[in-house]
Protein chains: 2
Amino acid sequence: MGIDRVELIREELKTKKVVYVHHLADKLYVSRSTIRRDLAQLEQEGLVRRFYGGAKLIEHPSNEIPFFMRKERNRAAKEIIAELATDLVTDNQFVALDTTSTVAYLPRYLKDKENLKILTNSAQLALDCLDQLHSARIFCTGGWMSSFSRGFIGETTRLRISEYRTDILFFSARSISLEEGVTDVNEEDAYLKQQMIRGTRKSVFLCDHTKFDEISYRLVCPVQDLDYLVTDQRPSDKWLHHLESAGVEVIFPE
Amino acid sequence: MGIDRVELIREELKTKKVVYVHHLADKLYVSRSTIRRDLAQLEQEGLVRRFYGGAKLIEHPSNEIPFFMRKERNRAAKEIIAELATDLVTDNQFVALDTTSTVAYLPRYLKDKENLKILTNSAQLALDCLDQLHSARIFCTGGWMSSFSRGFIGETTRLRISEYRTDILFFSARSISLEEGVTDVNEEDAYLKQQMIRGTRKSVFLCDHTKFDEISYRLVCPVQDLDYLVTDQRPSDKWLHHLESAGVEVIFPE
DNA sequence: GTGTTCGCGCTCAACTTCGAGCAAATGAGC
DNA sequence: GCTCATTTGCTCGAAGTTGAGCGCGAACAC
């Protein structure tokens with residue numbers, strides 16, 4: 001990859017803050033495909049946030065970016081899932097939430113529920129709930145902070161989770177497969193999810209369509225442990241049948 | 001979606017508080033449909049409330065405001081104090097931080113310290129440290145969230161604090177007086193501060209000039225419990241003498 | 001109440017951009 | 001020269017964005 005060109009784009013970003021694919025392509029005498037690839041690389045580095053037609057400089061780089069990017073990926077799907085999922089919540093319930101980016105969309109849709117209690121190990125989510133759910137009581141586990149999930153991990157966290165019995169748990173993970181069930185890439189997070197599942201009456205797995213038929217290396221739980229699976233598109237008949245026979249209620253639009 | 005345009009609408013909202021579809025459409029040279037779509041997006045984000053013909057900025061949609069206002073009050077003084085205070089920190093130390101708005105200024109000035117450990121009961125501060133102090137390990141107490149301090153309170157919090165021995169504690173409070181020492185208005189916070197003081201080797205009280213000679217109803221600690229007091233102006237001789245005879249080292253500019 | 005005006009949301013068509021896949025071009029090492 | 005890996009440009013189907021048109025309902029004057 002032409003080091004020069006990417007370097008020039010960096011320079012451009014320093015002064016301009018916002019760059020456009022078509023403009024850079026004209027200026028640097030390369031195709032738009034090439035510019036798009038360059039911008040994808042800069043996004044990967046956490047330097048810019050891309051938008052339709054160009055990219056914008058991220059002013060204050062921080063640990064927040066990887067999480068922010070996960071949150072933005074498949075945004076539409078996650079909104080749909082959040083809206084469907086919150087129908088499962090009733091007033092006065094004790095709700096457990098994990099640190100995933102999908103779950104981060106829930107608070108807004110929980111606004112009209114009264115008198116909830118929330119248990120989470122995500123610092124960011126705890127603050128979001130505090131700001132949006134005025135009638136809720138929010139309990140946060142504490143523990144050592146993970147820059148990956150921007151939440152708490154470790155033995156303290158696990159202990160705190162084990163001390164509570166929640167009515168309903170909303171969680172997500174990287175992947176789900178017929179053979180292995182729910183799997184993820186992060187050892188610590190998987191461990192905490194297991195603890196959360198043990199401590200709740202109903203487990204709801206939030207799962208956009210891209211997560212099906214993928215396998216990550218760390219087992220979280222078998223499909224049988226789930227009570228509900230909420231997704232954004234009708235799963236295949238094979239999956240519907242598999243989930244039904246495992247006793248999982250599947251929720252999807254229409 | 002053209003990020004630019006939405007960004008411009010945000011700018012407009014900062015000054016105008018109310019925007020109109022027809023006005024924005026004319027100003028930004030796009031159709032009214034497009035503006036309506038943008039406003040719908042901003043409404044989704046919870047930034048505005050739409051009305052027939054336009055949208056209105058939601059002034060302060062969250063619990064964040066009281067804290068935000070405390071943080072902005074005497075900003076200059078707090079910056080000075082933060083810079084002076086962080087000179088007391090050396091690499092590898094275990095630092096305790098409370099939930100006050102003055103302490104919230106510290107992380108930026110701790111950037112050049114290596115290998116710190118942080119203990120705090122503030123969710124916001126924990127996230128700030130995570131983003132700014134890449135080499136630090138951050139422990140957060142957890143507990144029930146207080147909308148007043150945007151941090152954790154309660155028995156769990158107190159217990160977690162009591163489990164750690166820190167090298168240096170930075171904290172603040174509403175007021176300090178010759179007769180009563182450090183006092184505050186919040187029962188729970190005062191209680192946690194006491195616990196933090198018990199668990200640390202050095203206590204540093206951050207105290208802008210407005211806090212002197214005020215009394216709030218809840219006692220936090222006598223002056224003798226402090227090791228350092230950092231302030232933004234030279235205190236009166238009476239105070240300097242009082243603090244010196246109580247064994248408190250006073251730090252102020254010049 | 002009635003009528004008028006105007007904004008809203010929806011849909012559709014035109015247009016643009018995106019990203020994956022593939023083949024050509026480039027260039028380093030032998 | 002040749003080989004291999006990387007980079008680039010092109011194509012094409014999918015997805016995103018925009019503005020115009022239309023029916024509906026809200027706001028307002030009377």
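For the 3.5 Å distance criterion, the side chains of A:Thr200 and A:Ser203 fail to qualify, holding no donor opposite an acceptor. Between the side chains of A:Asp91 and A:Asn115, not a single donor N or O lies within less than 3.5 Å of an accepting N or O. Side chains of A:Glu83 and A:Tyr105: a donor-acceptor N/O pair is absent below 3.5 angstrom, by distance only.
Between the side chain of A:Arg37 and the base of D:dG9, a donor-acceptor pair under 3.5 Å is found. Between the side chain of B:Tyr52 and the base of D:dG25, a donor-acceptor pair under 3.5 Å is found.
Distance NE2 (A:His22) to P (D:dG16): 20 Å, rounded to an integer number of Å. Atom CD of A:Gln233 is separated from atom P of D:dA14 by 14 Å (rounded to the nearest Å).
Here the side chain of A:Ser177 pairs a donor or acceptor atom with the backbone of A:Glu180 at under 3.5 angstrom.
Heavy atoms of B:Tyr20 sit nowhere under 4.0 angstrom from any nucleic acid atom.
With C:dG9, C:dT17, C:dG19 as the choices, the nucleotide that has an atom nearest any side-chain atom of B:Arg50 turns out to be C:dG9.
For the side chain to side chain contact (heavy atoms under 4.5 Å, CB included) test with A:Leu119, the passing option among A:Leu97, A:Thr166, A:Ile138 is A:Thr166; the others fail.
Residues from residues 28-36 of chain B lying near DNA chain C, meaning a heavy-atom separation below 4.0 Å, are B:Arg32, B:Arg36 in numerical order.
Heavy-atom neighbours of A:Arg174 CZ from other residues, nucleotides or ligands within 6.0 Å: at or below the threshold of 12.
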